Amino acid sequence: MKILFVAAECAPFAKVGGLADVVPALARALKELGVEAAIFIPRYRGVEDKTELERCGGARVPIAGEERACVILRGALPKGEVPVYFLDYPPYFDRPGIYGEGGEEYPDSLERFALLSRVALELPDAVGFSPDVLHVHDWHAALVPVYARTVGGTDAAALLTIHNLAYQGTYPRERAGGLGLPAAARDALTHRGRLNLLYGGIVFSDLVNTVSPTYAREIQEDGEGLEDVLRERARRGELVGILNGVDYEVWDPETDPHIWAHYSPDDPAGKVVNKERLQRELGLAPEADVPLVGMISRLVDQKGLDLVMAAFERMMSLGIQFVLLGTGDPAYEEFFRGAARRYPGRAAALIAFSEEWAHRIEAAADIFLMPSKFEPCGLNQMYSLRYGTVPVVRATGGLRDTVREYDPGTDTGNGFVFEDYSPEAMLGALRRAVDLYREDREAWRRLMVRGMREDHSWGASAREYLRLYRRLTGTGG
Ligand code: ADP
């Protein structure tokens, strides 16, 4: 079984959010199951620092009225186990950003990712990799099945994974003219008067999945305008929810190279060392018994930051310390910078994108706050469980599927969960966490350790993907 992943992100080469973690981790987990997976992403600036690149082919395809002569380079994931093909087309991808710069999207992303999608179909000829399944991720690769069924000349099956329905790739209809598609296909890509790439991907793929069972249900009710087509595919059994997993090679406090002290469920003492060091490094008061609440997030509306802003003073009056790592909307960035100034020694804001600090905060914090308005899967709550950092989350999407409310009566659950999207409901859950931390440290320790021992690795989810591939290729399952 040969699978080609086509995506805009893949860690460690290009990362903006969770998509970048999922692509390589799933490819590796599939490899363990005997599946031959390869990844196809653009060669962004700086990729050459992360892997050795070898020229292995080329392709010419028409995009935006011109023949585009592209080179295909071959590299590999860090341990060499999965090949990564890079689309080298400097006019589109040799830029400082992935999707844009300074808060501005690149205006030609439609053509950039159309090129990626179109060239994906040339890989069998160009480099000799002929997939049985084209597994395409999000709107950036959603044209792959459209090209495959129109101009592509392939009989590979197509699976579209929706990592976040909030990003659909919509453009004025007229822009469809540059995609090198027949007129009928251009019409089929039109949704509510606009060119909509994700919509096209949903219609043209053989199967569609999203990244948690709850989100797969939620988007049939509120699908950001696409609920009708999603409901239709679900009715035919063609919309599936598969939870993401965690790559414990990257996210494990026993081996994490970024943190100050290693620890494990059997010996969690090192967690205290990480907290002390982080407090010192970020100028927080060195108080071991004050609960430290962490957040790591893209600073966008989806993440529930308006709740945090509305409740911030009341959160701090619970007697916590707070640390945030994030970048995004300048209004949020400014708020958190200001909050750190207003609460010297008690609140810190790292307005940056830093893999290293993401790991350190997971290791140091006592509580991880994730009050998302919606969350397709969410990875940080699962990282938090492994790091003994008790998650406080809103019950939506994958957060609902992975975090269960602590029950003092039965000593079960792995975190704290709230339903209503309101500052009060969030504060209530945070208060329950802080109270337990203060009043019953033994119960807190059991809660932490229970979370650390849970298994959210990719194995089970990769087997579900394999079942989908088998269904697509008629090889059982
Ligand atoms: P989303 O994909 O919506 O951003 P996820 O929880 O699925 O949300 O994944 C987010 C990923 O991005 C996690 O690996 C998280 O650690 C990482 N991340 C987000 N913001 C930052 C940041 N400022 N610095 C480092 N990593 C970040």
Side-chain angles (χ1 to χ4, degrees), residues 17-18 164-167 212 214-215 218-219 221-222 224 291-343 346-351 358 361-362 365-385 389-406 413-437:
N164 195 334
L165 205 57
Y167 304 94
S212 70
T214 294
Y215 192 62
E218 287 171 346
I219 58 178
E221 298 306 316
D222 179 3
E224 311 262 351
L292 174 61
V293 177
M295 288 188 82
I296 301 163
S297 186
R298 293 183 296 118
L299 301 180
V300 295
D301 293 344
Q302 172 197 338
K303 300 294 178 179
L305 300 160
D306 53 336
L307 301 188
V308 179
M309 279 171 50
F312 200 76
E313 316 303 323
R314 286 175 284 169
M315 278 170 56
M316 296 309 289
S317 70
L318 297 174
I320 60 163
Q321 288 186 357
F322 178 84
V323 56
L324 168 126
L325 169 66
T327 56
D329 186 331
Y332 291 131
E333 292 185 352
E334 200 35 56
F335 173 83
F336 287 110
R337 278 201 195 94
R341 280 195 298 272
R342 277 184 288 124
Y343 290 93
R346 292 190 54 208
L350 292 168
I351 305 302
I361 291 172
E362 285 291 3
D366 299 295
I367 294 168
F368 195 87
L369 180 61
M370 215 161 156
S372 306
K373 191 178 287 174
F374 65 93
E375 194 62 72
C377 178
L379 293 170
N380 273 115
Q381 81 281 11
M382 293 192 278
Y383 301 156
S384 299
L385 287 167
T389 307
V390 175
V392 173
V393 306
R394 176 155 177 273
T396 182
L399 298 175
R400 187 191 280 282
D401 293 337
T402 51
V403 183
R404 300 173 314 280
E405 175 77 17
Y406 168 70
N414 61 4
F416 297 87
V417 181
F418 62 99
E419 296 278 340
D420 280 358
Y421 190 75
S422 71
E424 288 69 32
M426 181 189 75
L427 273 169
L430 192 58
R431 186 176 296 112
R432 293 197 294 283
V434 168
D435 286 350
L436 184 72
Y437 178 92

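What you see is a predicted model; the values in this text were computed from it and never measured. Atoms considered below: every heavy atom in the structure, side chains included; atoms not considered: hydrogens, waters and symmetry mates.
Put simply, the side chain of Arg298 never gets that close to the backbone of Gly328: no donor and acceptor are under 3.5 Å apart. In this structure, the side chain of Asn414 does not engage the main chain of Pro391 through any donor-acceptor pair within 3.5 Å. The main-chain N or O of Ser422 is never found under 3.5 Å from a side-chain atom of Asp420 such that the two would form a donor-acceptor pair. Without hydrogens or angle criteria, Asp366 side chain to Leu292 main chain gives a donor-acceptor distance under 3.5 Å. Arg337 contributes no side-chain N or O that, together with a main-chain N or O of Ala349, makes up a donor-acceptor pair within less than 3.5 Å.
The closest side-chain heavy-atom distance from Leu399 to Ser372 is below 4.5 Å. Inter-residue side-chain proximity for Leu299 and Glu333 is flagged as met; some heavy-atom pair is nearer than 4.5 Å. Side-chain contact between Asp306 and Tyr421 is present, with heavy atoms from C-beta onward closer than 4.5 Å. In this structure the side chain of Glu313 reaches within 4.5 angstrom of the side chain of Tyr343, judged on heavy atoms. Looking at Val293 and Gln321, their side chains never come closer than 4.5 Å, going by heavy atoms from C-beta outward. Side-chain contact check for Leu165 versus Tyr215: some heavy-atom pair is nearer than 4.5 Å. Side-chain contact between Val390 and Ser384 is absent, with no heavy-atom pair separated by less than 4.5 Å. Using a 4.5 Å heavy-atom threshold, the side chains of Met426 and Leu369 count as touching.
Here the CG atom belonging to Leu385 is positioned 8.5 Å from the CE atom belonging to Met382, to the nearest 0.5 angstrom. Atom CG of Asp401 sits about 3.0 Å away from atom OG1 of Thr214, to the nearest 0.5 Å. Note that CG of Leu324 and CD1 of Ile361 are 7.0 Å apart. Values are rounded to the nearest 0.5 Å. Going from atom CG of Leu436 over to atom CZ of Arg431 covers 14.5 Å, rounded to the nearest 0.5 Å.
Among all heavy-atom pairs drawn from Leu430 and Ile367, the shortest one is CD1-CG2, 4.1 Å. Of all heavy-atom pairs between Ser297 and Lys303, the closest is OG-CG, 3.1 Å. Of all heavy-atom pairs spanning Ala347 and Ala339, the tightest one is CB-O, 4.1 Å. Scanning all heavy atoms of the two residues, the minimum distance from Gln381 to Gly398 falls at NE2-O, 3.8 Å. For Val434 against Pro291, the heavy-atom pair with the smallest separation is CG1-CG, 4.1 Å. Shown here for Gly397 and Glu218, the closest heavy-atom pair between the two residues is N-OE2, 3.1 Å.
Taking a cutoff of 4.0 Å between a charged side-chain nitrogen and a carboxylate oxygen, Arg341 and Glu334 qualify as a salt bridge. A salt bridge links Arg400 and Glu419; the closest N-O separation between the charged side-chain nitrogens and carboxylate oxygens is under 4.0 Å. The pair Glu405-Arg432 meets the salt-bridge criterion, since a charged nitrogen lies less than 4.0 angstrom from a carboxylate oxygen.
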Decide side chain to side chain contact (heavy atoms under 4.5 Å, CB included) for Val393 and Phe418; before the verdict, give the C-alpha distance in whole Å, the side-chain angles of both, and the deciding distance to 0.1 Å. CA-CA 6 Å; Val393 306; Phe418 62 99; 5.8 Å; no
Run the side chain to side chain contact (heavy atoms under 4.5 Å, CB included) check on Val392 and Met370 step by step: do they pass? CA-CA 6 Å; Val392 173; Met370 215 161 156; over 6 Å; no
Where do Leu305 and Phe335 land on the side chain to side chain contact (heavy atoms under 4.5 Å, CB included) test, with the steps shown first? CA-CA 10 Å; Leu305 300 160; Phe335 173 83; over 6 Å; no
Give the C-alpha distance, both sets of side-chain angles, the deciding distance and a yes or no for side chain to side chain contact (heavy atoms under 4.5 Å, CB included) between Asn164 and Phe374. CA-CA 10 Å; Asn164 195 334; Phe374 65 93; 3.4 Å; yes
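Side-chain contact check for Asn380 and Glu362: at least one donor-acceptor pair (N or O, by modelled atom type) lies under 3.5 Å. Remark: the Tyr332 side chain and the Asp301 side chain contain an N/O donor-acceptor pair separated by less than 3.5 Å. Counted by atom type alone, Glu224 and Tyr167 present zero donor-acceptor pairs between their side chains at under 3.5 Å.
Two rings, from Phe312 and Phe322, have their centers less than 6.0 Å apart.
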